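Below is one structure, written out as structure tokens; comments come after it.
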Protein chains: 2
Amino acid sequence: MLSGTNLKYTKAFNFRIVFETIRLLGPISRADIARKTNLTPQTVSNIVHRLIQKSLILSADKLQKRRGAPSTNLILNPNGAYSIGIDFNRDHLTGMLVDLEGKVISKYFYEVDNPEPYRAVQLISDTVNLLKEVQIDQKSYFAGVGISLPGPLSINENNEVINTINPKAFPNWHNVPIVALLQQKIDSSIFLKNNASAAAIGELWYGAGKNQNDFLYLFMGAGLGGGVVIAGSVFEGANRNAGELGYFPFINDVSPLSTSDVPHIGEHFNLSNLYSWLNISGIMIKRPEDLENLYLKGNKKLSEWIDLAKTYLTPVLLSAEYLLDFDTVILGGRLPEVIIKHFALDLPDLLSKDRVDMKSVAPKVIVGTAGPDAAALGAATLPVFDLFSAQKDILLKN
Amino acid sequence: MLSGTNLKYTKAFNFRIVFETIRLLGPISRADIARKTNLTPQTVSNIVHRLIQKSLILSADKLQKRRGAPSTNLILNPNGAYSIGIDFNRDHLTGMLVDLEGKVISKYFYEVDNPEPYRAVQLISDTVNLLKEVQIDQKSYFAGVGISLPGPLSINENNEVINTINPKAFPNWHNVPIVALLQQKIDSSIFLKNNASAAAIGELWYGAGKNQNDFLYLFMGAGLGGGVVIAGSVFEGANRNAGELGYFPFINDVSPLSTSDVPHIGEHFNLSNLYSWLNISGIMIKRPEDLENLYLKGNKKLSEWIDLAKTYLTPVLLSAEYLLDFDTVILGGRLPEVIIKHFALDLPDLLSKDRVDMKSVAPKVIVGTAGPDAAALGAATLPVFDLFSAQKDILLKN
DNA sequence: GATATTAAATCAAATAAATTGACTAATTAA
DNA sequence: TTAATTAGTCAATTTATTTGATTTAATATC
């Protein structure tokens with residue numbers, strides 16, 4: 001916090017800023033990078049040289065705009081680096097190997113039944129080691145392994161999994177030194193985050209938040225999670241529970257399936273609640289993918305649930321709007337994309353109904369680009385983000 | 001955003017970091033600063049030399065801890081710099097000259113009646129120029145003039161006052177180039193912010209948030225405002241309305257004084273509403289100071305209003321808690337301190353009632369140290385913050 | 001009480017990254 | 001054909017931090 005800086009950190013930061021400029025604005029020339037970053041052409045030239053040496057970028061076509069020598073465009077090298085992302089949850093495990101552009105090279109998916117920690121460690125490390133065997137370009141850099149955990153679990157400063165909100169849902173998951181256990185079986189650097197925060201980083205790096213420094217990300221998965229992105233990085237809060245909107249209290253609960261003494265939105269907004277809701281009407285469904293057909297057929301029970309969910313989401317989004325004044329809300333998660341699209345389409349009108357009429361500006365609600373694998377892609381982004389993101393903290397010594 | 005950095009910015013930042021370390025942790029020695037900041041002792045020595053030359057700090061007592069040469073303690077020089085803060089609102093104008101430690105040297109207070117822009121400009125500039133005439137140490141630096149405006153008014157990128165939320169309350173205050181107008185009459189750099197954000201910066205720099213990088217500040221003044229402090233700076237949001245909690249919609253309004261079509265918390269939570277509430281019962285009160293006596297006498301009507309206000313605040317604070325996971329909420333504003341203390345004491349219990357029971361950690365609710373002049377002190381902090389704060393943005397070229 | 005040890009602070013020289021200035025090459029405008 | 005403009009890079013310069021050595025002042029230990 002009270003850390004100084006020096007030339008070495010300056011160098012590291014400028015390296016990242018040039019990379020970031022190519023990543024976000026490429027194809028782009030050295031001269032244009034210099035103008036964008038306020039660095040001198042010479043500095044940019046030197047950094048670009050290093051980036052090419054490390055195979056992180058490539059020279060592309062030459063392009064002349066007006067007069068003068070034509071500039072050589074620079075682009076990211078998709079094969080410059082790879083990373084592995086694991087989305088682990090109570091009902092499933094998704095593992096994927098992705099390249100520097102976020103393209104999925106290889107993917108595994110398993111259904112699981114709320115495994116205990118030691119079983120989870122085995123599953124995760126096996127998947128990681130399987131993914132590591134995939135043939136990739138010998139020259140390219142392996143960034144590391146990212147793992148996303150379900151919302152109620154969070155990671156303390158000793159890299160142990162702890163249960164700050166809902167210990168009952170994960171009975172054996174308290175004070176588990178997950179990284180230490182995994183590190184015994186995985187020979188790469190490991191990064192952990194909860195699924196919503198990881199997915200938010202994924203959208204920030206590869207997806208709908210690519211050119212957005214501040215946004216609220218809502219993750220509709222096994223529960224309702226969220227990621228608060230401020231100034232280009234995920235804000236996690238004092239106890240790493242920022243964005244854990246599932247436990248947002250809802251004073252006038254109307255859901256017939258409420259079981260808690262203090263009704264909260266995540267109680268309604270979770271997949272098993274939706275399955276129960278449908279089961280009562282005789283519709284037997286177990287997987288998110290099955291919902292797509294049901295939705296496209298115009299199932300009434302499903303629409304009812306969606307309508308209810310929207311009324312639950314409205315006050316949450318409004319409070320976020322007044323507290324943080326975001327101009328963008330990104331929706332994502334494991335529901336089928338058509339349903340998420342439905343939410344994105346209907347929410348703005350619902351919001352404006354409960355909003356003070358004089359207010360002229362409203363945030364836009366958009367659908368995340370990562371799809372149902374957002375958490376796994378987000379997990380894969382963690383090591384890449386750590387290595388290449390141009391966050392200002394990079395400049396601090398500590 | 002995509003800006004690089006260089007040696008000059010490194011120097012400027014390290015200068016600020018050393019100053020900040022002395023400000024927050026002083027009395028402190030050069031060697032201890034080096035340890036805290038990870039700067040080398042030589043670098044710290046050089047920067048301290050410059051700080052002393054600029055009279056921003058002073059050498060204090062020598063202190064030996066264990067063996068070795070005794071270290072010389074360094075402290076802030078209160079007379080090192082001065083600044084002026086103006087809190088302008090519909091009903092009053094407070095102006096103050098403060099020193100580098102936030103001590104009020106001179107103060108003016110006027111009651112006003114919703115003046116139009118040209119009249120406000122006259123009032124503000126007159127007050128500033130009166131405060132400038134106060135005799136201060138010739139050597140000390142004058143940091144500038146900070147001005148806080150009421151919440152619904154905000155400032156666009158051209159330094160014009162605009163009305164983003166509630167234009168009706170300030171009929172002539174739209175597209176007013178306030179800084180340009182003031183600059184014609186004031187020969188110093190001018191900084192503008194809404195009162196809640198300014199007060200939040202005041203608490204961050206001088207007050208209860210001094211050692212807190214992330215907190216929510218609630219400002220109970222003519223309306224309900226707020227400041228969201230993240231990573232040591234106020235987050236203002238896309239339209240500079242972050243923290244404008246007054247327009248937070250309240251679905252089940254119970255207030256008999258509601259007039260809006262969409263009930264919102266600020267409608268209840270404002271001073272004139274409180275006055276009306278009391279007036280109905282025959283209690284004629286016009287000024288915040290008069291409330292103190294009433295409260296100490298245990299007035300029933302007042303307690304009723306306070307109780308109602310607490311039920312309004314609870315969901316707002318809870319949503320902030322789940323969205324941002326702050327561990328600190330600071331309360332401030334123009335209500336008498338005893339009443340604010342009452343809120344700080346009662347809110348934690350009310351919050352825990354509506355909170356999911358498994359959650360173990362809760363934010364602490366504390367009273368701001370600046371008192372009813374928080375907005376004016378916050379305004380005075382703006383130029384000082386701009387000149388001396390060690391925010392990471394300082395490192396960026398743009 | 002003399003000497004070794006530890007620590008603070010600073011002087012002087014070295015280091016390392018960005019900057020500045022000069023230059024080459026490539027293209028278009030006139 | 002020539003002048004103007006722009007991209008890009010080599011070489012030298014600049015400048016804040018770092019490194020290493022030195023001085024000073026206190027305590028610990030024999």
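Each chain gets a letter, A, B and so on, in the order its sequence line appears, and its residues count up from 1. Please read all numbers here as calculations on a predicted model, not as lab measurements. For the numbers below, each heavy atom of this structure counts, side chains included, while hydrogens, waters and symmetry mates do not.
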For [X] and [N], give me the distance from atom [atom1] to atom [atom2], rounded to whole Å.
{"X": "Asn6(B)", "N": "dA16(C)", "atom1": "CG", "atom2": "P", "result": "18 Å"}
{"X": "Tyr9(B)", "N": "dT19(C)", "atom1": "OH", "atom2": "P", "result": "9 Å"}
{"X": "Leu7(B)", "N": "dA17(C)", "atom1": "CG", "atom2": "P", "result": "10 Å"}
{"X": "Asp61(A)", "N": "dA7(D)", "atom1": "CG", "atom2": "P", "result": "15 Å"}
{"X": "Ile47(A)", "N": "dT9(D)", "atom1": "CD1", "atom2": "P", "result": "13 Å"}

### Query
Looking at Ile17(A), Leu56(A), Leu74(A), which one forms a side chain to side chain contact (heavy atoms under 4.5 Å, CB included) with Ile22(A)?
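Checked Ile17(A), Leu56(A), Leu74(A) against Ile22(A); only one passes side chain to side chain contact (heavy atoms under 4.5 Å, CB included): Leu74(A).
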
May I ask you to check whether over 12 heavy atoms, not counting those of [X], lie within 6.0 Å of atom [atom1]?
{"X": "Lys397(B)", "atom1": "NZ", "answer": "yes"}
{"X": "Asn156(A)", "atom1": "CG", "answer": "yes"}
{"X": "Asp187(B)", "atom1": "CG", "answer": "no"}

### Message
Apply salt bridge (Lys or Arg N to Asp or Glu O under 4.0 Å) to residues Asp325(B) and Arg240(A) and explain how you reach the verdict.
### Response
CA-CA 7 Å; Asp325(B) 186 24; Arg240(A) 300 218 183 188; over 6 Å; no

### Query
Is the phosphate of dA16(D), meaning OP1 or OP2, less than 4.0 Å from a side-chain N or O of Thr43(B)?
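No, no such contact exists.
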
### Query
So, is Thr10(A) near the phosphate of dA17(C), with a side-chain N or O under 4.0 Å from OP1 or OP2?
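It does not, given that no N or O in the side chain of Thr10(A) lies less than 4.0 Å from OP1 or OP2 of dA17(C).
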
### Contacts of Ala379(B) that satisfy side chain to side chain contact (heavy atoms under 4.5 Å, CB included) - sequence neighbours left out
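For Ala379(B) the side chain to side chain contact (heavy atoms under 4.5 Å, CB included) partners, ignoring immediate neighbours, are Ser148(B).
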
### Contacts of Leu324(A) that satisfy side chain to side chain contact (heavy atoms under 4.5 Å, CB included) - sequence neighbours left out
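So Leu324(A) forms a side chain to side chain contact (heavy atoms under 4.5 Å, CB included) with Val228(A), Ile230(A), Phe326(A), Val228(B), Phe235(B), Leu323(B), Leu324(B).
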
#### Entry: For DNA chain D, the residues among residues 11-26 of chain B that have a non-hydrogen atom under 4.0 Å from it
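Listed by number, they are Lys11(B), Asn14(B).
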
Is the closest side-chain donor-acceptor distance between [X] and [Y] under 3.5 Å?
{"X": "Thr72(A)", "Y": "Arg30(A)", "value": "yes"}
{"X": "Thr10(A)", "Y": "Thr10(B)", "value": "yes"}
{"X": "Ser188(B)", "Y": "Lys132(B)", "value": "yes"}

### Query
In the 5'-to-3' direction, what one-character label does each nucleotide of nucleotides 6-12 of chain C receive under the scheme B = base within less than 4.0 Å of a protein heavy atom, S = sugar-phosphate only, - = no such atom?
BBSSBBB

If I take atom [atom1] from residue [X] and atom [atom2] from residue [Y], how far apart are they, to the nearest 0.5 angstrom?
{"X": "Ser189(A)", "Y": "Leu387(A)", "atom1": "OG", "atom2": "CG", "value": "7.0 Å"}
{"X": "Ile28(B)", "Y": "Arg35(B)", "atom1": "CD1", "atom2": "CZ", "value": "8.5 Å"}
{"X": "Phe13(B)", "Y": "Asp393(B)", "atom1": "CZ", "atom2": "CG", "value": "10.0 Å"}

### Query
Using the C1' atoms of five pairs at each end, what's the angle between the two axes of the helix from dG1(C)-dC30(D) to dA30(C)-dT1(D), to 10 degrees?
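Computed angle between terminal axes is 0°.
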
### Message
Give the residues of residues 388-398 of chain A touching DNA chain C, defined as any heavy atom closer than 4.0 Å, sorted by residue number.
### Response
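Of all residues in residues 388-398 of chain A, none places a heavy atom under 4.0 Å from DNA chain C.
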
### Query
Which residue lies toward the 5' end of DNA chain C, Lys62(A) or Asn38(A), if each is placed at its nearest nucleotide?
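Its nucleotide being nearer the 5' end, the pick is Asn38(A).
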
